[in-house]
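Notes follow the structure.
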Amino acid sequence: MPLYSLTYCSRVADPAMVSVADILATSRMNNGTRSITGALMFDNRCFLQVLEGGHTALTELFVRIAQDRRHEEVTLLSMVPVMARRFPGWEMHYISRLEADQRMIEAFSTQGRFNPFAMSPATVEALIDRQAKMAATAA
Ligand code: FAD
């Protein structure tokens, strides 16, 4: 089955009303049965999510996620064929700003804060690659 990687970013609708634990629980429950892996970054304002899997499974999931009222401005950044998963074994790896190291935040942030909307495609890719390496050592 050809493998794809989908990346999008969004803004949380209301930080006080969103439970990332709930989102992760649903993701991990659903993604495993659809052979979807990936990672979710969140800093209480913006989400950046990478999803890996088959084209149909990813498209169906992204349509569902885009309709979720817990976030807004859902913006597709890329959907590309890939040779291998960057987050194998992770039904949804979670990266919170607090867990990320300060040097990484400085390297990939705009004006000192995580803002995937302002990142170039190359910066988004570099950030995801960095996170994938960290996930591989944590697995
Ligand atoms: P149901 O669970 O039947 O929900 C019906 C509707 O209510 C949907 O529109 C749903 O989006 C919304 N909803 C569900 N729970 C809540 C809640 N607690 N508060 C407000 N609205 C709610 N799902 C995955 O399967 N895999 C993922 O990787 C994934 N990543 C996500 C990342 C983000 C940033 C967000 C916000 C959501 C993510 N979800 C993910 C959840 C996804 O949007 C759907 O809620 C989930 O897949 C269940 O879909 P459903 O059609 O069965 O909806």
Side-chain angles (χ1 to χ4, degrees):
M1 178 185 69
L3 193 61
Y4 285 79
S5 175
L6 184 158
T7 305
Y8 76 87
C9 61
S10 62
R11 293 187 205 281
V12 68
D14 180 352
M17 298 296 290
V18 165
S19 159
V20 176
D22 280 356
I23 292 174
L24 289 172
T26 306
S27 303
R28 288 169 181 159
M29 193 174 63
N30 293 342
N31 294 353
T33 59
R34 299 181 177 104
S35 298
I36 290 175
T37 52
L40 178 69
M41 291 190 74
F42 181 54
D43 76 335
N44 278 332
R45 281 181 291 244
C46 293
F47 292 103
L48 176 66
Q49 190 172 27
V50 189
L51 298 163
E52 306 166 328
H55 193 280
T56 305
L58 286 193
T59 307
E60 285 172 0
L61 176 57
F62 183 63
V63 166
R64 236 178 26 246
I65 290 174
Q67 291 169 350
D68 196 312
R69 291 194 187 152
R70 286 172 285 186
H71 59 171
E72 51 203 21
E73 287 183 62
V74 178
T75 304
L76 182 64
L77 299 176
S78 64
M79 167 89 165
V80 291
V82 290
M83 297 298 290
R85 294 174 191 264
R86 284 185 288 190
F87 296 92
W90 291 99
E91 283 149 6
M92 194 45 58
H93 179 53
Y94 178 56
I95 304 146
S96 77
R97 183 182 169 136
L98 291 177
E99 288 163 4
D101 70 80
Q102 189 58 34
R103 277 222 317 252
M104 188 203 71
I105 289 169
E106 284 165 12
F108 295 103
S109 296
T110 307
Q111 294 170 339
R113 73 181 187 88
F114 174 66
N115 181 5
F117 287 90
M119 289 177 188
S120 69
T123 303
V124 170
E125 279 308 298
L127 173 58
I128 293 167
D129 277 344
R130 170 75 182 267
Q131 296 298 350
K133 287 192 181 83
M134 289 168 72
T137 56

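Ligands are counted one by one from 1 in listed order, and the atoms in each one are counted from 1 as well.
Under 4.0 Å from ligand 1, heavy atoms of I65 appear from its side chain as well as its backbone. For I36, no heavy-atom contact with ligand 1 is shorter than 4.0 Å. In F62, neither the side chain nor the backbone holds a heavy atom less than 4.0 Å from any atom of ligand 1. Using a 4.0 Å cut-off between heavy atoms, M17 makes no contact with ligand 1 at all.
Put simply, L51 and M79 are part of the same group of oily side chains (I, L, V, M, F, W, Y) that touch within less than 4.5 Å, one to the next. Hydrophobic clustering (side-chain heavy atoms under 4.5 Å, transitive across Ile, Leu, Val, Met, Phe, Trp, Tyr) groups L76 together with I65. Linking Ile, Leu, Val, Met, Phe, Trp and Tyr whenever their side-chain heavy atoms come within less than 4.5 Å puts V12 and V74 in one cluster.
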Side chain to side chain contact (heavy atoms under 4.5 Å, CB included) between I36 and E91: does it pass, once the steps are laid out?
CA-CA 6 Å; I36 290 175; E91 283 149 6; over 6 Å; no

Determine, stepwise, if the pair T56 / T59 fulfils side chain to side chain donor-acceptor pair (under 3.5 Å).
CA-CA 5 Å; T56 305; T59 307; over 6 Å; no

Scan the side chains in residues 15-23 for donor-acceptor partners under 3.5 Å anywhere in the protein, sequence neighbours excluded, and list what turns up.
residue, atom, partner, partner atom, Å
S19, OG, A21, N, 3.4
S19, OG, D22, N, 3.0

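For atom 11 (O) of ligand 1, the nearest protein heavy atom lies closer than 4.0 Å. Shown here, atom 7 (O) of ligand 1 is out of close reach of the protein: none of its heavy atoms lies under 4.0 Å off. Within a 4.0 Å radius of atom 4 (O) of ligand 1, the protein has no heavy atom. Distance check for atom 40 (C) of ligand 1: a protein heavy atom is found below 4.0 Å. Distance screen at 4.0 Å: atom 1 (P) of ligand 1 has no protein heavy-atom neighbour inside the cut-off.
Near H71, meaning under 4.0 Å from any of its heavy atoms, are these atoms of ligand 1: 34 (C), 36 (C). Every atom of ligand 1 is numbered from 1 in the order shown, and the set under 4.0 Å from a heavy atom of L51 is 28 (O). Residue Y8 has at least one heavy-atom neighbour below 4.0 Å for each of these atoms of ligand 1: 32 (C), 33 (C), 34 (C). Ligand 1 places these atoms under 4.0 Å from at least one heavy atom of M92: 28 (O). Below 4.0 Å from some heavy atom of I23 lie the following atoms of ligand 1, by number and element: 31 (C), 32 (C), 33 (C), 35 (C), 36 (C), 37 (C), 38 (C).
Between F47 and H71, the ring-plane angle classifies as perpendicular under the 30° and 60° cut-offs.
Looking at A25, A13, S27 and measuring to atom 27 (C) of ligand 1, the nearest heavy atom belongs to S27. Of the listed residues (E72, Q67, Q49), the one carrying the non-hydrogen atom nearest atom 30 (N) of ligand 1 is Q49.
At least one N or O atom of D68, backbone or side chain, sits closer than 3.5 Å to an N or O atom of ligand 1. Residue N30 places at least one N or O, backbone or side chain, under 3.5 Å from an N or O of ligand 1. The distance criterion of under 3.5 Å between nitrogen or oxygen atoms is met by R64 with respect to ligand 1. In terms of polar-atom proximity, defined here as any N/O pair under 3.5 Å, N31 does make such a contact with ligand 1.
By the 4.0 Å N-to-carboxylate-O rule, E73 lies close enough to R11 to be salt-bridged with it. Between E125 and R86 there is a salt bridge, with a side-chain nitrogen of the basic residue lying less than 4.0 Å from a carboxylate oxygen of the acidic one.
The side-chain heavy atoms of P116 and C46, taken from C-beta on, include a pair separated by under 4.5 Å. No side-chain heavy atom of S27 sits less than 4.5 Å from a side-chain heavy atom of L40.
When hydrogens are left out, the protein atom nearest atom 46 (C) of ligand 1 is T26 CG2, 3.7 Å; that is the closest non-hydrogen contact. Protein heavy atom closest to atom 24 (C) of ligand 1, with residue, atom name and distance, is L61 CD1, 3.4 Å. Among protein heavy atoms, atom 21 (N) of ligand 1 sits closest to R70 NE, 3.9 Å.
A side-chain donor from one of E52 and T37 sits under 3.5 Å from a side-chain acceptor of the other.
With R34 contributing its side chain and A57 its backbone, the two residues share no donor-acceptor pair below 3.5 Å.
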